[in-house]
There are 2 protein chains.
Amino acid sequence: MTRQTKPRLSDVAKLAGVSLGTASNVFSYPAKVRPEVRERVHAAAERLHYLGPDPAARLMRRGKVNAIGIVAPAQFRTADALRNPSFQMFMCGVAEVCDEEGTNVVIIPDPAVSPAINSALVDAFIFGQVEHLSVARPAEMRKLPFVVVDFDGGEGVNSVRIDARTGGYLAAKHLLDLGHRRFAVMSFLRTFDPAIYHPPGPQRDGSIAGMPIDREKMEGYRRAFAEHGLNIDDIPVVQAHPWDKSAAALLLHHAPDATALLSMAAMQGVSLIAEAKRRGRRVPDDLSVVGFNDIPEAQHSDPPLTVIDARNAEKGRIAARMVFNPCQPTAKMLNPSLVVRGSTAPAMLSNRQS
Amino acid sequence: MTRQTKPRLSDVAKLAGVSLGTASNVFSYPAKVRPEVRERVHAAAERLHYLGPDPAARLMRRGKVNAIGIVAPAQFRTADALRNPSFQMFMCGVAEVCDEEGTNVVIIPDPAVSPAINSALVDAFIFGQVEHLSVARPAEMRKLPFVVVDFDGGEGVNSVRIDARTGGYLAAKHLLDLGHRRFAVMSFLRTFDPAIYHPPGPQRDGSIAGMPIDREKMEGYRRAFAEHGLNIDDIPVVQAHPWDKSAAALLLHHAPDATALLSMAAMQGVSLIAEAKRRGRRVPDDLSVVGFNDIPEAQHSDPPLTVIDARNAEKGRIAARMVFNPCQPTAKMLNPSLVVRGSTAPAMLSNRQS
DNA sequence: TCAATTACTTGGATCGTTTCAAAAAACGTG
DNA sequence: CACGTTTTTTGAAACGATCCAAGTAATTGA
């Protein structure tokens, strides 16, 4: 007998001398089968090198895949998701729970960029940083549980998000409390287009921040500034993709006298430190920098970057648990915290007085 | 009519007044269907909120999932894979190709740790850093194409690997050429056990390096040393998990007079720089460090770490292309290169003479 | 020993598509 | 309009398991 084709459960059943149904039970509900028979079936499976029920066929009947899908943030393809440090932390959190549950993780590009989501075989979806609820349509249509991240889905939708408003507030307040009064902001640009410089001015709208969550950070900054009689509209902003290496130079060029920088992304915070040092400015002596998201790079830069910890891993864990134990849909909000490291210091007296 | 259950293709076909087969063709081979009919079917699908063929059923018939699986390195669960910087780069490379092909990526724990691989719905497997060919059994049994990484699978098995021997050689030669003569090595421990100090001695065997690829690095070091009349067995080695933060201190404690450090992992290289600075040693003035794998952290440390670039992303791209265009199985070997950054400098004269 | 109870097994229906041979329709031509 | 081609459409048979009602065997109690 040539083993041309892969063994099916029916082959195993035949060899073991039992019915297909019984063989199926051996693999799916072993308790239902007499140990002796079970043994025989396993032996037959062994001999045929049968690896267990075909996942596709099982899925078909059972409707369960043993996998959950993480959908990349807006405009991201799979590779972008894997490259992004804060999303990596989020995925790690999700994966920790999946490892416990014994399920696989599928990474899926943003549906706006690729239709791959429609052919994704998963039991549930986690939509990473969401802009519109519409991305969740495929999940709703397929009646699969899902969670949206960093977005308020409203009634009846699971969501987890960080209180970015408070995060922004804490970042700005930290610098203000250190006596800083001359600021510049690095905000988030979703696309890979060149960085944009937004000069101070009262007419700036929400578009100077890339995602809903970034607008919230900005509001947090605004509130902290207001408490010190400053207006965010008077502060220069550069909007750039998190990996745009030219952005740091652009910001430092347009805000040469700022003593404190607020970055909405941790990577840009790290770049700002590097670029500042390159320009001969000492961090934190001449210039303080605060980033957002406590990524590993923030800890290894020199000096280590002070950041707002957006608790990405925890966010991932919570999101995963939500889809694993489907219950009343809830909107969970996490509290960020300030992690003070070496990139911030009191403003020098000379700067304070200005 | 209550829409309790999700619409099936047969519902769409009925509503559109065509046969099931034709409706199927509309979604799978539109060219086979008259535009007018196609239109009608699409309209019916629209009305029923039908999202396209059920992936599970399609998979069942077609045998294609539109996803490929990346299996985590030995002993790694999914979360470990996502946390490891050099494996991240590898996965990014894979993902880039998958994004082009429009397929999803599934991350699967090492079969030795979790059986999730048996229920993984993928069209092909990429086995990340492999120790034994046996991990590929599930792929062989299911007759799915696969590639093993950093391992020679022998005849008839696809593989991609870095020439780690040359990598090790380049790293050691770089330091030797700079005049260094007193070394210490940080090698790789697969488990989370405490770091192990291996004193110099002729009896040390392969176990002082964790994976096949690490033994190759060690051989590269040995060759370079031999060219300068040195013996690797006379050099202290600490073997540690890449994220074991205590390992750097252990190494510097046991090799206080080394002027050059060779690390088999980039993260440990970064840690060594940090720990050395903490102990008041200047890098690269007093101490040179070379790491392996050009991860982002290597670029952002201070000073930036000199590394061997193991071309992880390229490795991922090649692995992915191999499983997408199944052809004659090949064993592809990549050449590493030395990336000189700020963590290495000529040995001081006083050290040279010793 | 027989009926009642319990513990396993069985066979066939089913999941929602794709596939493919065969039938039907449409088309072109003399 | 009858004929041969070509283009479309049809209907039934897979794909490889799970599920369940119904049947058979083993066990118990009297």
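This is a predicted model, so every value here is computed, not measured. Side-chain atoms are counted along with the backbone in the values below, which use heavy atoms only and exclude waters and symmetry mates.
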Nucleotide by nucleotide, nucleotides 18-26 of chain C touches protein heavy atoms under 4.0 Å in the pattern (B base, S sugar-phosphate only, - none) BB-------

Please give, in whole Å, the distance from D:dT8 C1' to B:R38 CZ?
12 Å

B:L59 has an atom CG; how far is it from atom C1' of D:dA14, in whole Å?
15 Å

Do the side chains of A:R321 and A:E100 get close enough for a salt bridge, i.e. N-O under 4.0 angstrom?
no

Find out whether B:L133 and B:F151 are in side-chain contact, i.e. whether some heavy atom of one side chain is under 4.5 Å from a heavy atom of the other.
yes

Hey, are B:R190 and B:E131 close enough for a salt bridge, meaning a charged N less than 4.0 Å from a carboxylate O?
yes

Centre-to-centre under 6.0 Å for A:H42 and A:Y50, is that the case here?
no

For A:T22 and C:dT10, is the shortest distance between a side-chain N/O and OP1 or OP2 below 4.0 Å?
yes

Tell me: CE of B:M60 to C1' of D:dA13, nearest whole Å?
13 Å

Round to a whole Å and report the spacing from CG of B:L121 to C1' of D:dC15.
14 Å

To the nearest angstrom, the CZ-C1' distance between A:R8 and D:dA14 comes to 11 Å

With side chain to side chain donor-acceptor pair (under 3.5 Å) as the criterion, how do B:N84 and B:S86 come out once you've worked through the C-alpha distance, each side chain's angles and the decisive distance to 0.1 Å?
CA-CA 6 Å; B:N84 185 268; B:S86 47; 3.2 Å; yes

How long is the line joining CG of A:D54 and P of D:dA17, in whole Å?
6 Å

Evaluate the side-chain contact (heavy atoms from CB on, under 4.5 Å) criterion for residues A:F324 and A:I68: first the C-alpha distance (whole Å), next the side-chain angles of each, then the deciding distance (0.1 Å), finally the verdict.
CA-CA 9 Å; A:F324 277 119; A:I68 78 152; 3.9 Å; yes

Nucleotide C:dG16, atom C1' - distance to CG of B:L51 in whole Å:
15 Å

Please determine if a side-chain N or O atom of B:Y50 lies less than 4.0 Å away from the OP1 or OP2 oxygen of C:dT17.
yes

Rounded to the nearest angstrom, tell me the gap between atom CD in B:E36 and atom C1' in D:dT8.
12 Å

